[in-house]
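Input: a single structure, listed below in structure tokens.
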Amino acid sequence: MIRTGIVGITGYTGEELLKILSKHPSVKITGLYGRGSSEERHLKDVYPHFKCLDLRVEALNAKQIADKCDVVFLALPHAVAFEVVPHLVDAGVKVIDLSADFRLARPEVYEKWYNVKHTAKEYVCKSVYGLSELNTEKIKRALLVANPGCYPTTVILGCVPAVKSGFIDLRRIIIDSKSGISGAGRKSAQTYFEDEHPNFRAYKIAGGHRHVPEIEQELSILSGEDVTISFTPHIMPVERGMLSTIYVDMKEQIATAAIIEKYREFYSGRHFIKILDEDVMPGIKDVLNTNYCEISMKVDERTNRLIIVSVIDNLVKGASGQAVQNMNIMFGLPETAGL
Ligand SMILES: NC(=O)C1=CN([C@@H]2O[C@H](COP(=O)(O)OP(=O)(O)OC[C@H]3O[C@@H](n4cnc5c(N)ncnc54)[C@H](OP(=O)(O)O)[C@@H]3O)[C@@H](O)[C@H]2O)C=CC1
Ligand SMILES: CC(=O)N[C@@H](CCC(=O)OP(=O)(O)O)C(=O)O
């Protein structure tokens, strides 16, 4: 059994990790860590609905975690884990970090977009960007996986076959994404439901969102060319789910059916990616509580633009589910184990 720890258990993604890992056939949960109280608490005092699990929540102590765990999931806000990661990685513990701290290859880019000093720069080059379907071989050998952001997961999976194919303009990709409120973390979600619900609005428009450099970095690596995007995120009035609509200009005329074929070939054998038939549109309900990403597309013949729609559950494929998929890959298990 893989001895597994979750840090940040009181948050949305920590809870989702526990939900998945407590039923995983190859996992024994050996550590749950939170803050708020330096005293150990029973899990059922944090989450009454997990009363069947006889587990305790402890205060974070990097050295103790390393002794008790083979793998640790970090479900903490950005910049909180800088002190923990080096300790765990140096002790040979595998780490899957759900924050953005190790996603951007250049620490100066991270510092600019996250407005915080990167204090574990030497670990950035040791990390692998954990988009499971695209970096499988590197993830197999990784000690530190930087789990992708939720918006980047829908967007990159939705457009990478087109981006790699050479038939689209890589400087004019327009992305319009909508996220359930859990994407903002538990405290912001509570504030939203108290003050705003059921509002629907855009935010951080015109290149203002920190997922812009992450998406551009990965699409540029995958295509071998500089990719530029326009990205507009929205909050939608549901707890979870994410839908991205991606508009790309085509350099030649290609029929929708031929593009769908290319996508199916690209993702052949990848269990969690479903390329839908022409004119079948995915909705967030179709993927809720699952690790699937469903993708649909159609060519707008009037404008010669390809329009792609990609949906996930932000807490599963967009965070904790993909993190477990990465753990499965790292430990040589079937990718679908526990999922
Ligand atoms: N929610 C989502 O859809 C996605 C989230 N992510 C990323 O995953 C990470 C976790 O997100 P999420 O679960 O939504 O966040 P939450 O805000 O719901 O949870 C954050 C967790 O971190 C703990 N925490 C906060 N500050 C500190 C601190 N200074 N020291 C120690 N612990 C702290 C919180 O404890 P306490 O309860 O005591 O405040 C809580 O357990 C973030 O980096 C997020 O950006 C990535 C993809 C999608
Ligand atoms: C709805 C909402 O507010 N979403 C968050 C997504 C942030 C997130 O999850 O950030 P990382 O994936 O980079 O950790 C936001 O836009 O800031």
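The first residue in the sequence is number 1, and the count goes up from there. Counting starts at 1 for both ligands and their atoms, in listed order. Since the model is a prediction, treat every value here as computed from it, not as a measurement.
- In the candidate list P77, G8, G14, P77 is nearest to atom 24 (N) of ligand 1, counting heavy atoms.
- Looking at N314 and S182, their side chains do bring a donor and an acceptor atom within 3.5 Å of each other.
- Just one of E218, E214, Q217 meets the side-chain hydrogen bond (donor to acceptor under 3.5 Å, both in side chains) condition when paired with Y129; it is E214.
- When only interatomic distances are considered, the shortest N/O to N/O separation between R103 and ligand 2 falls below 3.5 Å.
- Regarding atom 10 (O) of ligand 2, its nearest protein heavy-atom neighbour is H211 NE2, 3.4 Å.
- Under the 6.0 Å distance and 45° angle rule, K94 counts as a cation-pi partner of F331.
- Closest heavy-atom approach to atom 18 (O) of ligand 1 within the set R186, K317, H211: this belongs to R186.
- At least one heavy atom of C150 sits closer than 4.0 Å to an atom of ligand 2.
- Counting the atoms of ligand 1 from 1 in the order shown, those under 4.0 Å from a heavy atom of G318 are 47 (C), 48 (C).
- Under 3.5 Å, the side chains of D54 and H42 contain a donor-acceptor pair of N or O atoms.
- Residue-to-ligand polar distances keep I235 apart from ligand 2: every N/O pair is separated by 3.5 Å or more.
- When non-hydrogen atoms are compared, ligand 1 lies under 4.0 Å from the backbone of L98 as well as from its side chain.
- Among C150, A319, A100, A75, the residue whose heavy atom lies closest to atom 20 (C) of ligand 1 is A75.
- For atom 14 (O) of ligand 2, the candidate residues are H78, H209, K178; the nearest heavy-atom contact is made by H78.
- Applying the 4.0 Å criterion to heavy atoms of S179 picks out, from ligand 2, the atoms 1 (C).
- Residue-level proximity to ligand 1 for S182 is carried by the backbone, the only part with a heavy atom below 4.0 angstrom.
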